[in-house]
Amino acid sequence: MVSPVLILFSAFLCHVAIAGRTCPQPDEVPFAVVVPLKTFYDPGEQIVYSCKPGYVSRGGMRRFTCPLTGMWPINTLKCTPRVCPFAGILENGIVRYTTFEYPNTISFTCNPGRDDMPLALSWVLESRQRRSLVAAVTCPPPVVPKFATLKLHKPSAGNTSLYQDTAVFECLPHYAMFGNDTVTCTAHGNWTEMPECREVKCPFPSRPDNGFVNYPAKPVLHYQDKATFGCHDTYSLDGPAEVECTKMGSWSAQPSCKASCKVSVKKATVLYQGERVKIQEQFKDGMKHGDKVSFFCKNKEKKCSYTEETQCVDGTLEIPKCFKEHSSLAFWKTDAWDVKPC
Ligand SMILES: *[C@@H]1O[C@H](CO)[C@@H](O)[C@H](O)[C@H]1NC(C)=O
Ligand SMILES: *[C@@H]1O[C@H](CO)[C@@H](O)[C@H](O)[C@H]1NC(C)=O
Ligand SMILES: *[C@@H]1O[C@H](CO)[C@@H](O)[C@H](O)[C@H]1NC(C)=O
């Protein structure tokens, strides 16, 4: 007869023999990582050590399998820092470093008076890149657009243009340019879009009422031709005195002549361009269109004065309603401009 205890005990032994023992978390190796990292592993499970970026492995195995004994084999892996190549010496400058081992930095300093070095260096690099591109890319001489002339063109290789060379065009007189006057040799070996020169005509400018206009005595007026305007006596120009025929075939402005204003007030002190002036003296010959003045008015309750602005608009100057003109006989009355401001 077999004891049940013995059966249980044998079953336990069998289990241990078949399943084996679990492995613990593996030892840490400086500058290395373990994948997968767990607290225990079943027999047969694999782990892989690898060095962190900047480090290289020296000696030993990298891949381990958890054995039935539950004990990881001895690990001789070492991760050592990578070493950068010697940085060279810097002419007219100093290279500072401790070691060339990862992780580290070195610094370059130019001797006094050589501040242009980094710039010069980047320039050298850039022109090298350009030259390598240039070797592959050429543009044929640019085809000069109709009604244009070549103003500036310096091919860098004999008669051919290289990548990034430019050419500048100019339109013949009376022709207006549409597009960019500068074209560039592209990496495709063609030029950027050519501009267009178009003949532009403007209508004869019309004479303003109460004024006159002068323009060149030609049968046709063209782009960039100019006209000047003026007004008859007592009228003044609203707009610029000179206008130009634009690309759009119209004049840059349409000035007109506006009437001056008669001042209906006999006597008043007003503000004109920030100064107190006597209106009857300042504007003896009338106010020009657009001129602005401020009249003084009284605040009766508070016994103080305030100002109200008005403007000459094509012959009409509206006097502010609050302004009161006294008869010259009413000498006992105080004028608003003599009262303290509110
Ligand atoms: C450029 O072209 C002109 C004529 O178009 C020719 O006389 C000259 O020799 C050329 N130059 C080069 C460097 O090819
Ligand atoms: C014309 O093109 C040049 C480069 O090709 C650019 O620098 C310039 O800004 C352009 N001008 C206009 C007005 O677009
Ligand atoms: C230049 O050539 C490229 C590639 O063939 C093309 O896509 C581009 O439209 C051309 N540019 C002009 C201005 O013709």
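Not measured: the values here are computed from a predicted model. Atoms within a ligand are numbered from 1 in the order they appear, just like the ligands themselves. Throughout, numbering of the chain's residues begins at 1 and tracks the sequence.
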Atom pairs and distances, donor-acceptor, side-chain atoms in residues 264-281, under 3.5 Å, two or more places apart:
residue	atom	partner	partner atom	Å
T269	OG1	W337	NE1	3.4
R276	NH1	W337	O	3.0
R276	NH2	W337	O	3.2
Q280	OE1	A268	N	3.3

Can I get a per-line list of side-chain donor-acceptor pairs under 3.5 Å for residues 240-255, giving both atom names and the distance, sequence neighbours left out?
residue	atom	partner	partner atom	Å
E244	OE1	K226	NZ	3.2
T246	OG1	M248	N	3.3
T246	OG1	S250	O	2.9
K247	NZ	M177	O	2.7
W251	NE1	P203	O	2.8
S252	OG	E244	N	2.9

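Within the 4.5 Å cutoff, no side-chain heavy atoms of R63 are placed close to those of I47.
The side chain to side chain contact (heavy atoms under 4.5 Å, CB included) test with T192 singles out one residue from T182, T166, V183, and that residue is V183.
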Which N or O atoms of ligand 2 sit under 3.5 Å from a protein N or O, and how far apart is each pair?
residue	atom	partner	partner atom	Å
ligand 2	2 (O)	N180	ND2	2.3
ligand 2	5 (O)	T184	OG1	3.2
ligand 2	11 (N)	N180	ND2	2.9
ligand 2	14 (O)	N180	ND2	3.4

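Pairs of residues two or more places apart, or lying in two chains, that qualify as salt bridge (charged side-chain N to carboxylate O under 4.0 Å, His left out) and include a residue from residues 198-224 are E196-R198, K218-D225.
With respect to the salt-bridge test (charged N to carboxylate O, under 4.0 angstrom), the residues K321 and E308 do not qualify.
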